[in-house]
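Quick one: this structure, given as structure tokens, is what I'll be asking you about.
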Amino acid sequence: MGLPLRDLTHPTELPWSALRGRLLAVDGNNMLYQFLATIRQRDGQPFTDRAGRPTSHLIGLLYRTTSWLEEGIRPVWVFDGKPPDLKAGTLRTRFESKERAQAAWQEALAAGDLETARRKAAQTSRLTRAMVEEAQRLLSDLGLPSIQAPSEGEAQGARMAAEGVVWGTASEDYDSLLFGTPRLVRGLGSRQPHDQGRAAHLIERDALLSELGLSQEELILVGLLIGTDFNDGAAGYGPKKALKLVQQHRGWEATLRTAGLDPAQLEPVASIFRSPEVAVGPLPPFGPPDEEALAHLLVEEHDFSEDRLRAALARLHRRPVPVPSAPAAPGHQTVLDGFGPEGA
DNA sequence: CACATCGA
DNA sequence: TCGATGTGG
């Protein structure tokens with residue numbers, strides 16, 4: 001998933017407390033996928049309700065968002081819409097690797113190798129439309145906004161961050177940097193002991209660009225060379241070699257040709273990053289949780305323990321008074337310019 | 001993922 | 001009291 005930009009970045013540590021009162025566009029598909037991969041039993045079986053429907057995504061969503069809210073982090077979940085046609089190859093490759101993982105999972109189980117079984121099972125995770133809809137229902141019952149992007153969620157989040165509607169984007173993938181997010185927060189899930197100051201990692205686009213001596217256009221060029229969800233990349237080019245080539249500033253076409261790529265063919269890929277399809281409209285409001293609806297969804301429909309739900313909800317009542325997070329450009333009418341009323 | 005439980 | 005391990009759904 002995503003593109004391997006990690007080696008080019010130098011993230012700074014970002015304590016959760018630094019995010020208090022801030023709005024974050026959360027990559028919903030990315031997060032839910034992580035939950036499906038991680039929240040499993042020893043043999044790799046996902047958690048299910050009594051009807052056999054998976055619940056791992058709901059477990060992760062409930063606990064993680066209540067943790068965030070308790071710290072005053074204000075998540076705006078953004079979900080993928082229709083993938084660009086150019087993503088078809090990536091989607092097919094992912095499907096095939098899931099099939100292989102499925103077989104490897106069964107093999108490991110038969111061999112009694114639980115550790116391998118769990119790892120392979122994680123790779124079989126599939127996020128269905130139904131799971132996303134349930135997650136959106138859960139968010140709505142929690143009183144949290146969610147946004148359905150027309151296409152890539154990372155693009156939608158990046159635009160919202162660039163417009164100052166949210167402070168930054170949260171994802172484990174690096175795609176939103178190519179989409180122009182000013183701030184990417186990674187590791188918002190890796191929790192440490194509750195008291196011992198949890199920390200995420202922050203990548204700031206401006207700092208990244210000046211460190212690498214690149215423009216935003218050139219960062220996209222690096223992406224095209226190493227490969228994105230929408231193109232294969234140049235043979236023999238990884239992050240290091242791609243960066244080195246682009247740093248020679250030979251221009252768009254010469255750079256691609258040097259790496260054996262066809263500039264004309266890559267133009268549509270570049271335009272996905274430069275001017276992606278994004279939604280325009282008011283930011284849905286935050287509101288108070290609907291505890292009855294939550295009990296119905298989680299306890300009655302999906303067999304959650306009532307005690308655990310209550311414990312999770314108790315953390316919402318402990319949440320700090322929200323500090324208004326300043327939009328970057330007050331007074332300017334831009335996409336998603338609305339700020340709903342604060343919840344209780 | 002977060003929480004409960006257990007043994008050093 | 002704390003890391004390791006188990007449980008929840």
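Labels below follow one simple rule: chain letters A, B, ... track the order of the sequence lines, proteins then strands, and each chain is numbered from 1. Everything numeric here is computed off the predicted structure, so don't read it as measured data. Only heavy atoms go into these numbers, but all of them, side chains included; no hydrogens, no water, no symmetry mates.
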task = Could you check how far CG of L188(A) sits from P of dA2(B), rounded to whole Å?
result = 11 Å
key: Which residues share a ring-ring contact (aromatic ring centres under 6.0 Å, His included) with F79(A), sequence neighbours left out   =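 For F79(A), no residue satisfies ring-ring contact (aromatic ring centres under 6.0 Å, His included) once neighbours in sequence are set aside.
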ask   = Side-chain N or O of S67(A) less than 4.0 angstrom from OP1 or OP2 on dA2(B)?
value = yes
query = Charged N to carboxylate O below 4.0 Å: is that the case for E96(A) and R100(A)?
reply = no
key: Nucleotide dC3(B), atom C1' - distance to CG of L309(A) in whole Å   = 14 Å
ask   = Rounding to a whole Å, what distance do you find between D43(A):CG and dG6(C):C1'?
value =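 For the pair D43(A) CG and dG6(C) C1', the rounded distance is 13 Å.
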ask   = So does D290(A) have more than 12 non-hydrogen atoms from other groups sitting under 6.0 Å from CG?
value = yes
Atom-to-atom span, CZ of R310(A) to C1' of dA2(B) - whole angstrom = 17 Å
message = Tell me which residues in residues 121-137 of chain A lie within less than 4.0 Å of DNA chain C, going by non-hydrogen atoms.
response = none
task = Using a strict cut-off of less than 4.0 Å between a Lys/Arg side-chain nitrogen and an Asp/Glu carboxylate oxygen, indicate whether K87(A) and E152(A) qualify as a salt bridge.
result = yes
query = Within a radius of less than 6.0 Å around CZ of R50(A), do more than 12 heavy atoms belonging to other residues, nucleotides or ligands occur?
reply =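 It does not: R50(A) CZ has 12 such atoms or fewer within range.
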Close N/O contacts between protein and nucleotides 7-9 of chain C (under 3.5 Å):
residue	atom	partner	partner atom	Å
dG9(C)	OP1	S305(A)	N	2.5
dG9(C)	O3'	T55(A)	OG1	3.0
dG9(C)	O3'	H302(A)	O	3.3
dG9(C)	N2	Q41(A)	NE2	2.7
dG9(C)	N2	P46(A)	O	3.3
dG9(C)	N2	T48(A)	N	3.3
dG9(C)	N3	T48(A)	N	3.3
dG9(C)	N3	T48(A)	O	3.2

message = Between C1' on dA4(B) and CG on D307(A), what's the gap in Å once rounded to a whole number?
response =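 Value for this atom pair: 12 Å.
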Note: R310(A)-E306(A) ion pair, threshold 4.0 Å (strictly below) =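 A salt bridge is present here (some side-chain N lies under 4.0 Å from a carboxylate O).
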request  = Any chance you could encode DNA chain C as dot-bracket? Rule is Watson-Crick or G-U wobble with both distances under 3.5 Å; [ ] for pairs crossing earlier ones, | for another strand.
outcome  = ||||||||.
task = Could you list who else is in L91(A)'s hydrophobic cluster, with ILVMFWY side chains joined at under 4.5 Å, directly or through other members?
result =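 None; L91(A) is a cluster of one.
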message = Tell me every residue that passes ring-ring contact (aromatic ring centres under 6.0 Å, His included) with Y174(A), counting only those two or more places apart in sequence or in another chain.
response =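 Partners of Y174(A) by the ring-ring contact (aromatic ring centres under 6.0 Å, His included) criterion come out as none, since no residue qualifies.
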task = For the pair E13(A) and R186(A), find out whether any cationic side-chain nitrogen is under 4.0 Å from an anionic carboxylate oxygen.
result =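 Here E13(A) does not pair with R186(A) in a salt bridge, since their nearest N and O are not under 4.0 Å apart.
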task = Using the six-membered ring wherever Trp is involved, compare the ring planes of F179(A) and F273(A) and label them parallel, tilted or perpendicular (cut-offs 30° and 60°).
result =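 Ring orientation, 0 to 90° scale: tilted.
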message = Atom CD of residue position E115(A) - does it have more than 12 heavy atoms of other residues, nucleotides or ligands inside 6.0 Å?
response =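 No, CD of E115(A) has 12 or fewer neighbouring heavy atoms, counting only those of other groups under 6.0 Å.
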